[in-house]
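This report concerns only the one structure given below.
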Amino acid sequence: MPEDTDDLQWGRSTVDTTCSLDCPDSCSLAVDVDKGQIVTINGSHRHDVTDGFICAKVRRFGDRVYGEDRLHHPGVRQGPKGHGQFKKVTWDFALDLIAQRMREIRDQHGAEAILPFSYGGSNGLVSQDTADAQLFRRFGTARLARTVCAAPTTSVSRAMYGRMPGVSYADYRHARLIVVWGANPSTSGIHLLPHIRAAMEAGAALVVIDPRRTSLAKQADIHLQVRPGTDVAVAMSMHRFLFENGFEDEQFLAANTQGIDRLRERVADWTFNRAATVADVDPALLEQVAEMYAEISPAVIRCGWGLERNRNGGNAALAVLALPAVAGKFGVRGGGFTMSNSGAWRVDTDSVIDAPEPSTRLVNMNRLGRVLTDDTDPPVQMLFVYNCNPATTMPEQNRVLQGLQREDLFTVVFDQVLTDTARWADVVLPATTFLEHYDLKPAYGPISLQLVQPVIEPVGYSRPNLEVFADLAKRLEIEVSPLLQSEPEAVMHVAAALPATVRDSLETSGIATPECPTLPIQFVDVFPRTSDGKIDLFPDALDSEAPAGIYAYQGETAAETYPLVLLSPATSKTITSTLGELRTRLASLEMHPDDADARDLSTDDTVRVFNDLGEIHCPVRLNPDMKRGTVGIPKGLWRKSTMNGSTANALVADSPTDLGGGACFNDARVEVARVVTAELGNRHIALWPTGRATEGVH
Ligand SMILES: Nc1nc2c(c(=O)[nH]1)N[C@H]1C(S)=C(S)[C@@H](COP(=O)(O)OP(=O)(O)OC[C@H]3O[C@@H](n4cnc5c(=O)[nH]c(N)nc54)[C@H](O)[C@@H]3O)O[C@H]1N2
Ligand SMILES: Nc1nc2c(c(=O)[nH]1)N[C@H]1C(S)=C(S)[C@@H](COP(=O)(O)OP(=O)(O)OC[C@H]3O[C@@H](n4cnc5c(=O)[nH]c(N)nc54)[C@H](O)[C@@H]3O)O[C@H]1N2
Ligand SMILES: [Mo]
């Protein structure tokens, strides 16, 4: 509580908390509150990774908290599906209605006809997989495979390294070579940048591997501007070079790995020329990268998620993460790799949930559209969405929307704002934001786990997940542990599932100290958490899972008639679709000037981006930083941000990645053509050659 009398009079205080949005950094925040209202949101110095500095998105998070899209009341649909009109109702009414439908569906079709649908929108260890999991498991609903992000990279890093913690941001300054591979920290994890800069000032070399010339790529010594989906080829040629030139660390490999011989066999054909042709890069530049990697130490690879979102994504991660093992890069500060560090915290979730997972059907979330529109047994009768905005974030947007249209589908959406998904709901429920509830948030870039606590009262009638699921469970006579019914108790309960030392520091300071050092040296402080403690360079289970085996490259098929690859990377404006409501301008398609020339397009022309799955109408922007043959549009756009209400996922197929059942977001093949538009009031009418008119309202 504030002590200064002036402060008391004005009710002004600064509250410490943690950003729980889905970003690697999980910043510590200092929020100024006046008379119960958020005034400013700043980075705090409590956590040394944040060090007082946060992104512009979160600084303006108050615009979301108090914005016009915020949900204040539970609501029941009024009018046709998708129109987003709701009659205000009480929580009792809304939850009774949902409970009644859940019972009816269970009686008629079985509880597996209910599909809870959630991802980690802004959720830590309390607001997800606690009371919700107890309720749905005990009720026997369908289960969800949360594959939309990090599925390939996680399955690979688990199989190879048992999710061994990676090099922390601060140790990048000790590296002499930094390879940023399929990651864009300038947008998606900004606290890595000062350490990369410090390393470069001390003479380190930087290599960026990305189809786009990102701002970091512009500062790099070498930018390998690969064609999307070809990283496995690039990494395999680097392995081959290491083996052929005696750069493999035989001693390390013999003592700490298994499967090296089989890896060696698979790299044999990957000459620089072959890989460079596949990746469409200069073979000499590729060779230079391989030489640098062989010769310079400490060398660290920051592996991102951009490279996993294609048909070769799992194998790309395998081949990249095998490099530091083969080249013997571990054992020194600033050497090794960073993937996700969320595995650093060994939380015993089973003990938190304490309800066995039923053997009900398992739905891969990337196939939501298909699951809602195909004949399944039983058909999905209820979709319960929370912590997620699938109408814009899942593949095959048109199929998802077609599913949401079904009159016989009862859709519940529990969210903070009236998202594109919430517009299709039969019942909407208002959720608190991380500034209004408790949570525990593990970062996945740095190794940090911090307390999230409310800085203001819930806005309107919004409620936290935990309470709502416990309340609904009660109405269904499903038991939810008393410890998972109120947030502060749940925080303690979840903390109890952490190792004792971790829990103690969390309780005293709100910041947990991990069991391993926060700046671990791989193979000095942390080791593979595989069953035999070794790196598995050839996981057999993955070899049988991948359609062409592991370390294989699947090229394009003859059936792919569309010439351009569509990427949908993260932008600094949103976290996936979170905050997308605040975008006021139409989004543009980014295209290389040569590709634009070939289609006679100039900046601000309206184009149609299309393939057999759908089409997006939007302005085009010529951008020489795109790779030729590759176009890009931001991920997480709301439907209002394009002219026809279709976003990147209207063009993304729901075919799985080679490993882990992930989404191929960066693997869409499209064509782009000019569209003639007319503007009528606030409507854009796109008149395309056939005379077919598509309209969008914004
Ligand atoms: N501001 C902001 N921050 C975010 C997010 C956000 O939406 N906005 N999202 C958060 C989430 S959910 C995640 S998972 C992380 C993602 O973090 P990142 O992995 O850094 O983000 P992406 O933008 O998906 O991809 C990174 C880069 O990969 C490139 N890329 C695309 N395809 C390929 C390929 O085939 N090979 C290679 N080598 N590169 C490729 C893209 O051009 C992009 O520059 O960021 C988190 N942080
Ligand atoms: N085309 C394309 N699509 C992509 C990607 C891509 O690269 N390209 N990236 C993918 C990636 S990396 C990810 S992680 C997914 C993310 O996809 P989603 O999981 O759908 O993430 P968000 O769009 O951020 O939506 C999260 C929603 O949860 C709500 N929410 C937040 N906190 C709470 C809470 O405490 N309670 C409740 N009830 N609701 C809450 C937010 O308001 C928000 O609407 O998107 C994927 N989609
Ligand atoms: Mo993600």
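Computation of the quantities below employed the complete heavy-atom set of this structure, encompassing side-chain atoms and omitting hydrogens, waters and symmetry-equivalent molecules. Indexing begins at 1, ligand by ligand and atom by atom, following the structure's order.
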Salt bridge or not for R70 and E436, using N-O below 4.0 Å?
-> yes
Close N or O approach (Y386, ligand 2; < 3.5 Å) | no
Sub-4.0 Å atoms of ligand 2 with respect to non-hydrogen atoms of Y119 | 14 (S), 19 (O)
Quick one: nearest non-hydrogen protein atom to atom 44 (O) of ligand 2, plus distance?
-> D415 OD2, 2.7 Å
Is ligand 1 less than 4.0 angstrom away from at least one heavy atom of K57?
-> yes
Contact atoms of ligand 2, heavy-atom distance to I575 under 4.0 Å = 24 (O)
Considering only heavy atoms of W305, which atoms of ligand 1 have at least one such atom less than 4.0 Å away?
-> 16 (C), 17 (O), 19 (O)
Strictly under 4.0 Å, does any heavy atom of T571 approach an atom of ligand 1?
-> yes
Taking only heavy atoms of F414, which atoms of ligand 2 are found under 4.0 Å from at least one of them?
-> 37 (C), 38 (N), 39 (N)
State whether the shortest distance between N or O atoms of T214 and N or O atoms of ligand 1 falls below 3.5 angstrom.
-> no
Against heavy atoms of S568, which atoms of ligand 2 measure under 4.0 Å?
-> 1 (N), 2 (C), 6 (C), 7 (O), 8 (N)
Answer side chain, backbone, both or neither: which part of C149 comes under 4.0 Å from ligand 1, heavy atoms only.
-> side chain
Please write down residue, atom name and distance for the protein heavy atom closest to atom 35 (O) of ligand 2.
-> H437 CE1, 3.3 Å
Nearest to atom 27 (C) of ligand 2, what protein heavy atom do you find, and at what distance?
-> C388 N, 3.4 Å
Taking atom 3 (N) of ligand 2 as the point of reference, which of N649, T578, T421, V652 owns the nearest heavy atom?
-> N649
Logged contact type for T187 with ligand 1, heavy-atom cut-off 4.0 Å, is both
Taking the six-membered ring for Trp, is the centroid-to-centroid distance between Y444 and W305 below 6.0 Å?
-> yes
Given that the side chain starts at C-beta and the backbone is N, CA, C, O, which of these parts of D231 lies under 4.0 Å from ligand 1, counting heavy atoms, or is it both or neither?
-> side chain
Quiz item: cation-pi between R463 and W91, 6.0 Å / 45° | yes
Ligand-side contact atoms (ligand 2) for residue partner R64, heavy atom cut-off under 4.0 Å | 41 (C), 42 (O)
Could you tell me whether Q128 approaches ligand 2 through its side chain, its backbone, both or neither, with non-hydrogen atoms closer than 4.0 Å?
-> neither
Measure from atom 4 (C) of ligand 2 to every heavy atom in F469, F665, F434 and give the option owning the shortest one.
-> F665
Identity and distance of the protein heavy atom lying nearest atom 22 (P) of ligand 1 | A570 N, 4.1 Å
Atom 21 (O) of ligand 1: the protein heavy-atom neighbour that sits closest, reported with distance to 0.1 Å | S188 OG, 4.0 Å
Quick one: nearest non-hydrogen protein atom to atom 16 (C) of ligand 2, plus distance?
-> T576 CG2, 3.5 Å
Check P24 against ligand 1 and report side chain, backbone, both or neither, counting heavy atoms closer than 4.0 Å.
-> side chain
Considering only heavy atoms from C-beta outward, does the side chain of V179 approach that of R302 to under 4.5 Å?
-> no
What part of L307, side chain from CB on, backbone N/CA/C/O, both or neither, has a heavy atom under 4.0 Å from ligand 1?
-> both
For atom 5 (C) of ligand 2, which candidate among R309, Q416, K635 holds the nearest heavy atom?
-> K635
For atom 36 (N) of ligand 2, the closest protein heavy atom turns out to be N465 OD1, 2.7 Å
D22, any N or O under 3.5 Å of ligand 2 N or O = no
Heavy-atom distances under 4.0 Å are what count here, so tell me which part of T393 touches ligand 2: side chain, backbone, both or neither.
-> both
Ligand 2 versus A648: contacting region, heavy-atom distance under 4.0 Å = side chain
Can you label the angle between the F469 ring and the F384 ring as parallel, tilted or perpendicular, going by 30° and 60°?
-> tilted
Of the listed options V385, N387, L71, closest to atom 34 (C) of ligand 2 (non-hydrogen atoms) | N387
Is the number of heavy atoms from other residues, nucleotides or ligands under 6.0 Å of E457 CD greater than 12?
-> no
Before giving the answer on ring-ring contact (aromatic ring centres under 6.0 Å, His included), spell out for H191 and Y169 the whole-Å C-alpha distance, their side-chain angles and the decisive distance to 0.1 Å.
-> CA-CA 7 Å; H191 293 89; Y169 287 3; 7.6 Å; no
Closest to atom 26 (C) of ligand 1 among protein heavy atoms sits G182 O, 3.3 Å
Per-atom filter on ligand 2: closer than 4.0 angstrom to a heavy atom of V148 are 15 (C), 46 (C)
Can you list the atoms of ligand 2 that are under 4.0 Å from a heavy atom of A431?
-> 36 (N), 37 (C), 38 (N)
